[in-house]
Amino acid sequence: NLLYQTMKVEAAASKFTTNAEQGRAVQFALFAAAEYEVAKGESAEETGRFSRAVLNELQGIKSLLPEFKALAEKIEAEGEISNVNFWIYNNGSTQEVDRSASTDLDIFSKQIFDWFGALDFKHEGLPRREGNYVEWIIQVPVRRSRFDRVLIRSIIHETGLADLDSLRQEVGQLGVNEGWVVTNLWVSQLVQQALKDSDDENLTCLTFDELIDQDANFKPYLDWLEREIKKRNIDRYYVDLGCTKGEFDPETRTLRGTSKYSVADGGIDQYIERWLKIPVKEHVSILGEFGTGKTWFALHYAGECLKAYRKAQSKGLPRPRLPLVIPLRDYAKALNVESLFSDFFFRTHEIDIRGYSVFERLNQMGKLLLIFDGFDEMADKIDTQKMADNFWELAKVVTSNAKVILTCRTEHFRTGEDGRKNFGGEHKPSMADKIAVAPKFETLELMKFDDEQIRKVLSRRTNPVTVESV
């Protein structure tokens with residue numbers, strides 16, 4: 001069967017198979033569905049071509065698994081993860097359920113399912129929906145070839161005592177080692193107290209963010225970020241910045257006008273805050289002349305995000321994106337983006353994560369804000385091809401749900417048009433293994449200080465007499 005002979009099928013099978021023949025085919029279907037870009041025919045990646053082959057093969061299966069032909073056709077027609085996952089969570093049935101009532105639960109459950117996949121935790125069978133929760137069993141490694149069997153339940157409401165009681169009963173009936181309830185909201189105080197008072201050490205109720213914390217510890221980096229902000233006195237001396245954004249005719253590329261976001265209007269902080277809340281918004285490049293505050297803005301805004309992150313963390317609430325500031329001058333010699341992040345995580349900050357796949361999953365889930373500072377420090381401005389290659393390499397992290405900010409000196413490009421072409425992916429890479437479609441970075445330019453901003457800068461560093469004399 002072509003399903004088991006397509007490119008790299010053995011590698012895929014080792015990651016996506018279950019014991020049963022039908023379960024193995026289900027996993028291949030899941031793999032194809034998850035590659036929704038492929039279902040729309042937009043990917044040129046090797047894994048994408050494999051998914052495409054699987055998708056085509058599913059359409060031709062009649063005798064082995066006839067119900068998957070309809071599934072494959074649905075994937076082909078719709079190309080949306082949220083609209084093809086109904087079959088995963090209905091006791092193995094392909095009977096369609098009420099999507100309006102289940103889509104949010106399906107999507108959240110899929111996030112958890114994929115998170116465990118990134119951690120390389122095996123699962124037994126497929127997730128099963130029961131009422132207002134989805135459950136499945138995973139195998140958590142203990143040591144060597146030993147593992148604990150853990151019942152996972154995903155819910156999209158506050159975890160209450162009824163959820164805890166139901167989990168306790170199911171753990172006993174199934175004979176698993178542990179049971180975890182994972183919510184996208186919060187765990188009630190009654191449940192937290194009941195767990196403290198109980199002898200049931202094998203029961204856990206936690207948020208998805210708390211689940212992630214167990215295998216992705218960013219504390220060393222977050223501590224560094226706070227120290228860096230204080231070391232540079234950014235918390236004391238930072239002055240709010242304004243920015244402009246030009247609007248160009250898509251055909252003639254002529255400038256039609258420029259929007260100004262002054263400090264009085266909220267400046268660049270407010271613009272980025274709005275941008276973060278719009279999922280379909282393009283990614284942002286921030287241009288500015290030497291000394292206009294690009295790096296200080298990157299650290300300042302990351303610090304503001306960190307405050308919001310820690311506030312939500314302390315209250316047990318869903319957290320905003322975690323800001324990762326990557327000074328590109330420190331990684332100018334990195335050959336590819338994977339080695340860049342490997343250095344960033346393991347060498348520079350000693351962050352405790354299992355590997356690059358964990359970062360990829362967090363990025364795809366929309367858990368991160370990536371701030372690449374100093375694109376101009378990766379290559380000399382006369383090397384246009386090197387600049388293009390660097391851009392396309394960084395563009396690999398710009399996936400669905402990702403949010404990326406890229407700062408660069410204005411004078412790094414010969415002309416503004418040249419910069420727009422580079423950040424629009426119009427300068428093609430020298431290697432053919434880059435992503436097929438470049439992300440479109442919208443471009444902001446930092447405004448120079450006006451008299452009021454200069455006054456604020458001076459007033460925070462010297463006495464009023466000197467300020468007035470200047």
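Note on ring orientation: taking the six-membered ring where Trp is involved, the planes of F345 and F359 are tilted (angle from 30° to 60°). The aromatic rings of H300 and Y238 lie parallel to each other, their planes meeting at an angle below 30°, with 60° marking the opposite boundary. Between F108 and F208, the ring planes lie perpendicular to each other; the angle is over 60°, past the 30° to 60° tilted range. Relative orientation of the F344 and H349 rings is perpendicular, given thresholds of 30° and 60° on the angle between their planes. W275 and H283 have perpendicular rings, their planes meeting at more than 60° on a 0 to 90° scale where under 30° would count as parallel.
Shortest non-hydrogen contact noted between E289 and T410 is N-OG1, 3.6 Å. Across every non-hydrogen atom of A216 and W115, the tightest pair is CB-CH2, 4.2 Å.
No hydrogens or angles considered: nothing links the side chains of T254 and D249 as a donor-acceptor pair under 3.5 Å. Judged by distance alone, the side chains of S285 and T443 do bring a donor and an acceptor atom under 3.5 Å apart. Side-chain contact, D265 with S262: a donor N or O sits under 3.5 Å from an acceptor N or O. Residues R319 and Y309 have side chains that bring a donor and an acceptor to within less than 3.5 angstrom of each other. Counting only N and O atoms by type, the side chains of R129 and S109 include no donor and acceptor under 3.5 Å apart. In this structure, a donor-acceptor pair under 3.5 Å is absent between the side chains of N184 and H157. Side-chain contact check for E178 and W180: at least one donor-acceptor pair (N or O, by modelled atom type) lies under 3.5 Å. Side-chain atoms of S339 and N336 include a donor-acceptor pair closer than 3.5 Å. Judged by distance alone, the side chains of R361 and Q364 do bring a donor and an acceptor atom under 3.5 Å apart.
Under the 4.0 Å criterion applied to side-chain N and carboxylate O atoms, E226 and R310 are assigned as salt-bridge partners. Under 4.0 Å is where a charged nitrogen must lie from a carboxylate oxygen, and between D120 and K122 at least one such pair does. Comment: K367 engages D209 in a salt bridge, judged by a side-chain N to carboxylate O separation of less than 4.0 angstrom.
Looking only at distances, no side-chain donor or acceptor of T399 sits under 3.5 Å from a matching main-chain atom of A402.
Checking each of F113, W136, F116 against H123 for a ring pair (Phe, Tyr, Trp, His ring centres under 6.0 Å) leaves exactly one that passes, namely F113. No option in L241, I268, L369, I286 other than L369 meets the side-chain contact (heavy atoms from CB on, under 4.5 Å) test with Y301.
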Does the side-chain hydrogen bond (donor to acceptor under 3.5 Å, both in side chains) test come out yes or no for T466 and N463, once each step is laid out?
-> CA-CA 6 Å; T466 303; N463 57 67; 2.9 Å; yes
